[in-house]
Every structure is written in C-alpha cells, then in structure tokens.
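Quick notes on the structure that follows.
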Amino acid sequence: MLSAGILNELITIWQYSSEQNTAGEAIDVYTAGPVIHANVRQVSIRKLLESGRDIAAQAMTVKIRLGADVGVGDRIEWRDKFYNVLNITVDRDERSMILAVELVQD
C-alpha cells in the first residue's frame, strides 16, 4: 500500500461560505476547520504590480492525505499566514491531494 509520504507540518483548513449581512449584502465567511498534517513546498515567488506598488506573491503546494474536507475557494493557515486554495489535484496512487495555494494579500 502506498502512502501520502512525510507530512511534517500542521495546517488549519478554513472553509469558505457566503452569508448576508443585515443590509442584505453578500459577505465572505471563513470558518476554522480541522488541523491536519501536510507537506508544504514553495513553488515560486513572483512580483506583481498592483496600484503602483510591488507585491510579492508566494505560490506553494501543500500535500495532504486523500479525503480531507477542503475545496477550491477555501483557505489554509500555515505558520500564522493564510493561503487561498486555487486548485486541487488528487493522486489516488499515493492516497494524497496536492493543493495549489497562494498567499492572501489583503
């Protein structure tokens, strides 16, 4: 049996939902979910130009065990920083999921 490999970091999954405030406007809500083991790897650092200032955006991959309750649009928290989940790739042979994430810039 294959396994997900070495998962030596702890991350928290924050699940996305949309609610309405008292004025009826939609607001984004993130609810803390489970803390799970992961393998976090930096992919690249690139410079973005936004409103005339440089911002460093970190792109990373996060490998977790298959079956975790996480979806595109959710966030993960790792080392006191938040990352948006952009894409999920399932590797059934290794019983793992690879999350493509990017540092939240707001």
Side-chain angles (χ1 to χ4, degrees):
M1 171 168 75
L2 298 175
S3 67
I6 297 173
L7 305 176
N8 56 355
E9 299 279 347
L10 289 175
I11 64 169
T12 303
I13 297 175
W14 289 76
Q15 287 146 343
Y16 170 80
S17 64
S18 181
E19 297 179 359
Q20 289 186 345
N21 63 14
T22 55
E25 300 169 330
I27 56 172
D28 296 338
V29 176
Y30 292 92
T31 306
V35 175
I36 62 173
H37 286 87
N39 183 297
V40 181
R41 294 182 182 243
Q42 186 169 332
V43 174
S44 67
I45 296 177
R46 66 179 187 264
K47 290 286 190 178
L48 298 176
L49 189 63
E50 180 179 86
S51 302
R53 58 192 172 111
D54 286 341
I55 296 175
Q58 278 186 299
M60 307 177 98
T61 60
V62 178
K63 186 177 192 177
I64 60 176
R65 285 186 179 87
L66 187 62
D69 187 16
V70 62
V72 173
D74 290 346
R75 288 184 174 172
I76 65 159
E77 181 181 4
W78 176 63
R79 296 187 178 177
D80 298 324
K81 293 184 181 176
F82 290 91
Y83 298 83
N84 289 322
V85 177
L86 305 174
N87 187 29
I88 301 173
T89 305
V90 174
D91 186 342
R92 295 198 189 285
D93 291 337
E94 289 195 17
R95 301 182 62 195
S96 65
M97 297 172 19
I98 307 294
L99 313 178
V101 300
E102 187 170 59
L103 183 65
V104 174
Q105 294 290 331
D106 46 33

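The chain is numbered in sequence order, starting from 1.
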Which heavy-atom pair separates [X] from [Y] by the least distance, and what is that distance?
X	Y	result
Thr12	Gly33	CG2-O, 3.9 Å
Phe82	Leu103	O-CD1, 3.5 Å
Trp14	Tyr30	CE3-O, 3.5 Å
Ile76	Ile11	CG2-CD1, 4.1 Å

Enter the distance from [X]:[atom1] to [Y]:[atom2] here, rounded to the nearest 0.5 Å.
X	Y	atom1	atom2	answer
Leu7	His37	CG	NE2	8.0 Å
Met97	Arg92	CE	CZ	10.0 Å
Ile36	Ile13	CD1	CD1	3.5 Å
Thr61	Asn39	OG1	CG	7.5 Å

Could you give the side-chain donor-acceptor pairs of residues 20-27 under 3.5 Å, partners two or more places apart or in another chain?
residue: Asn21; atom: OD1; partner: Ala23; partner atom: N; Å: 3.0
residue: Asn21; atom: OD1; partner: Gly24; partner atom: N; Å: 3.1
residue: Asn21; atom: OD1; partner: Glu25; partner atom: N; Å: 2.9
residue: Asn21; atom: ND2; partner: Glu25; partner atom: OE1; Å: 3.1

The complete set of ring pair (Phe, Tyr, Trp, His ring centres under 6.0 Å) pairs with one or both residues in residues 86-106, sequence neighbours excluded, reads none

Going only through I, L, V, M, F, W and Y residues with side-chain contacts under 4.5 Å, is there a path from [X] to [Y]?
X	Y	result
Val40	Ile88	yes
Val62	Val104	no
Val90	Val101	yes

Salt bridge (charged side-chain N to carboxylate O under 4.0 Å, His left out) pairs touching residues 9-22, sequence neighbours excluded, are Glu9-Arg79

Students should find that the hydrophobic cluster of Val35, defined by side-chain heavy atoms under 4.5 Å apart, otherwise consists of Leu10

The ring pair (Phe, Tyr, Trp, His ring centres under 6.0 Å) partners of Trp78 (sequence neighbours excluded) come to none

Please list, one pair per line, the donor and acceptor atoms closer than 3.5 Å that link side chains of residues 66-75 to other protein atoms, with sequence neighbours excluded.
residue: Asp69; atom: OD2; partner: Gln15; partner atom: NE2; Å: 3.2
residue: Asp74; atom: OD1; partner: Tyr16; partner atom: N; Å: 2.9
residue: Asp74; atom: OD2; partner: Gly71; partner atom: N; Å: 2.8
residue: Arg75; atom: NE; partner: Asn84; partner atom: OD1; Å: 2.8

